[in-house]
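Heavy-atom basis, side chains included; hydrogens, waters and symmetry copies ignored. For reference, positions follow the sequence shown, starting with 1.
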Amino acid sequence: MRNLDSTTINSTPPTTGRYNYGVMNKMYPKVWSDEKVNFLETPELLEQPKYAARSAIVFWLDKKLYISADKGVEGKYIDEVSTVINRYDKPSFSNRRGFVQEAAKIFK
């Protein structure tokens with residue numbers, strides 16, 4: 001099993017910019033309808049683990065990353081997702097492929 005360093009653990013895509021907070025406001029109630037929050041008015045909520053994790057889920061849904069992920073764990077599909085998450089960090093792609101392929105073994 002690979003060691004997870006702090007970079008891997010803290011790699012939740014951050015929500016930044018007014019547009020992204022607006023996306024959170026629009027999509028959040030569709031997924032969590034029992035909770036009313038406004039990320040434009042209270043962006044500091046995203047500092048809390050619950051909302052930080054949920055912002056990653058909203059990012060995943062908004063960018064439709066599940067389409068590439070559902071194709072399989074071959075490197076090209078993992079790279080499709082990685083490119084959307086951080087296209088400028090190409091050196092990390094091989095590590096990401098390894099992590100995903102290692103994790104996929106659990107489900108076999």
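- Taking CZ of R96 as the start and CD1 of I78 as the end, the distance is 11.0 Å to the nearest 0.5 Å.
- In terms of hydrophobic clustering, with Ile, Leu, Val, Met, Phe, Trp and Tyr side chains grouped at heavy-atom distances under 4.5 Å, I67 and V100 are assigned to different clusters.
- Under the ring pair (Phe, Tyr, Trp, His ring centres under 6.0 Å) criterion, Y77 pairs with no residue at all, not counting sequence neighbours.
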Chi angles and distances behind the side chain to side chain contact (heavy atoms under 4.5 Å, CB included) call for N25, N38: CA-CA 6 Å; N25 273 353; N38 186 323; 3.0 Å; yes

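- When every heavy atom of W60 is checked against every heavy atom of V81, the shortest pair comes out as CZ3-CG1, 3.7 Å.
- The closest side-chain heavy-atom distance from Y51 to V58 is not below 4.5 Å.
- Between V23 and F39, every side-chain heavy-atom pair lies at or beyond the 4.5 Å cut-off.
- The pair R97-E102 does not meet the salt-bridge criterion, since no charged nitrogen lies less than 4.0 angstrom from a carboxylate oxygen.
- Listed for the S92 side chain is a donor-acceptor partner under 3.5 Å among the backbone atoms of D89.
- Between the side chains of D79 and S82, no donor N or O sits under 3.5 Å from an acceptor N or O.
- Atom-to-atom distance recorded for I57:CD1 and D62:CG is 13.5 Å, nearest 0.5 angstrom.
- Within the 4.5 Å cutoff, no side-chain heavy atoms of N20 are placed close to those of F59.
- Side-chain contact between P29 and K36: absent, with no pair of heavy atoms (C-beta onward) separated by less than 4.5 Å.
- Atom-to-atom distance recorded for L45:CG and Y21:OH is 10.0 Å, nearest 0.5 angstrom.
- A distance of 9.5 Å separates CZ of F99 from OG of S94, quoted to the nearest 0.5 Å.
- Taken together through direct or relayed side-chain contacts under 4.5 Å among Ile, Leu, Val, Met, Phe, Trp and Tyr, V73 and V84 form parts of separate hydrophobic clusters.
- The closest side-chain heavy-atom distance from R54 to L46 is not below 4.5 Å.
- Summarising the local packing, NZ of K26 is surrounded by 12 or fewer heavy atoms from other residues, nucleotides or ligands at distances under 6.0 Å.
- Note that CE of M24 is 13.0 Å distant from OH of Y19, once rounded to the nearest 0.5 Å.
- Checked by atom type and distance alone, the side chain of Q101 never pairs as donor or acceptor with a backbone atom of E74 at under 3.5 Å.
- Residues I85 and L65 form a side-chain contact, since some pair of their non-hydrogen atoms from C-beta on lies under 4.5 Å apart.
- Between K71 and E80, at least one side-chain nitrogen of the basic residue sits less than 4.0 Å from a carboxylate oxygen of the acidic one, meeting the salt-bridge criterion.
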Working for side chain to side chain contact (heavy atoms under 4.5 Å, CB included), residues K105 and F107: CA-CA 5 Å; K105 292 177 187 176; F107 298 101; over 6 Å; no

From CA spacing to verdict: side chain to side chain contact (heavy atoms under 4.5 Å, CB included), K90, T83: CA-CA 8 Å; K90 298 256 187 222; T83 298; 4.0 Å; yes

